[in-house]
Amino acid sequence: MSTTDEVPTTTPRRRGPKKGTPRAPRMKREERERQLLDVAERVFADNSYQATTMELIASEAGITKPVIYDHFRSKDQLLVAVVARAREELLDSTSEALDAVPSSAPIEEYFRAGVRAFMEFFERRRGSFRVYMQEAAVAAVAGADIENLRQEQAREIAERFGDIPQVAGYPMMIREAMAEIMIATNERVASWRLRNPDIDLDTAVEIVMAVLWNGFRSYTEGDVPQVDLTPR
């Protein structure tokens, strides 16, 4: 038999999703990016960041890996984008909750509305919350980005505090510290709820309020006291 008649001994490499994988419909760029973030958030939460591969995300999305790389350069960048989107949506939810509080309401109601907005968001988006709270690997990859987003959120909340007469007189530094405490407390209680799913949302809100409000109350009554920041 001549060489031209020889049967190939290797099977050509298959391109695209595995056989039987439903193909995703063609989407506009922004729609595809939103889909990839949705899928990546779910896969990261279900499998952990370390165990997730771009192949798995592509398979779940019904696309090829090059489609992902057309939007995100790496798995690390995809993780950062998932976290950034969650943070932005959380900030929007918090702002909407504070806007809904009547201007004549007691200051305690502003704090409770903010706490509830945090907790309700974590309730709706447990997947995204698990992604950036569950493991050291996430912190190693996106820790700086997560912290930058957290600080941005604290500044936004601190500026919103400036609209509340009872705390508007405080220096921005003090209001930022109050916002950081509020964010950290909410995150830790939400993380605790992941380990204790029998704790309902209302109970979690009241636990946070018991901790925060008892500490903040003295800073919101009567005239704004002078805060001595001199090192001791």
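- Partners of Ile183 under the side-chain contact (heavy atoms from CB on, under 4.5 Å) rule, at least two apart in sequence or in another chain, are Arg87, Phe118, Arg150, Gln153, Ala154, Ile157, Glu187.
- For Asp198, there are no salt bridge (charged side-chain N to carboxylate O under 4.0 Å, His left out) partners two or more places apart in sequence or in a different chain.
- Listed by chain and residue number, nothing satisfies the salt bridge (charged side-chain N to carboxylate O under 4.0 Å, His left out) test with Glu152 (two or more places apart in sequence, or in another chain).
- Under a hydrophobic clustering in which Ile, Leu, Val, Met, Phe, Trp and Tyr are joined whenever their side-chain heavy atoms come within less than 4.5 Å, directly or via other members, Ile199 and Met119 fall into the same cluster.
- With sequence neighbours excluded, the residues satisfying salt bridge (charged side-chain N to carboxylate O under 4.0 Å, His left out) with Glu206 are Arg112.
- Contact record, Ala113 with Val101: CB-CG2, 3.6 Å, taken as the closest heavy-atom pair.
- Qualifying side-chain contact (heavy atoms from CB on, under 4.5 Å) partners for Glu88, counting only residues two or more places apart in sequence or in other chains: none.
- Residues Ile207 and Leu201 are members of one and the same hydrophobic cluster, defined by side-chain heavy-atom contacts under 4.5 angstrom among Ile, Leu, Val, Met, Phe, Trp and Tyr.
- The minimum heavy-atom distance between Ser74 and Tyr69, with the atom names listed, is CA-CE2, 4.3 Å.
- Across every non-hydrogen atom of Leu37 and Ala81, the tightest pair is CD2-CB, 3.7 Å.
- Qualifying side-chain hydrogen bond (donor to acceptor under 3.5 Å, both in side chains) partners for Gln151, counting only residues two or more places apart in sequence or in other chains: Glu147.
- Checked by atom type and distance alone, the side chain of Asp70 never pairs as donor or acceptor with a backbone atom of Pro66 at under 3.5 Å.
- Contacts of Leu56 classified as side-chain contact (heavy atoms from CB on, under 4.5 Å), with partners at least two apart in sequence or in another chain: Val43, Asn47, Thr53, Glu60.
- Under the side-chain contact (heavy atoms from CB on, under 4.5 Å) criterion, Asp99 pairs with Arg160, sequence neighbours left out.
- Remark: Asp200 pairs with Thr203 by the side-chain hydrogen bond (donor to acceptor under 3.5 Å, both in side chains) rule, at least two apart or across chains.
- Shortest non-hydrogen contact noted between Ile57 and Ala40 is CD1-CB, 4.2 Å.
- Applying the ring-ring contact (aromatic ring centres under 6.0 Å, His included) test to Phe161 and every residue at least two apart in sequence or in another chain returns Phe111.
- Checked against side-chain hydrogen bond (donor to acceptor under 3.5 Å, both in side chains), Asp92 has no partners two or more places apart in sequence or in another chain.
- Leu91 and Val208 sit in two unconnected hydrophobic clusters of ILVMFWY residues. Membership requires side-chain heavy atoms under 4.5 Å apart, directly or through other members.
- Taking the salt bridge (charged side-chain N to carboxylate O under 4.0 Å, His left out) definition, one finds that Glu156 meets it with nothing, sequence neighbours left out.
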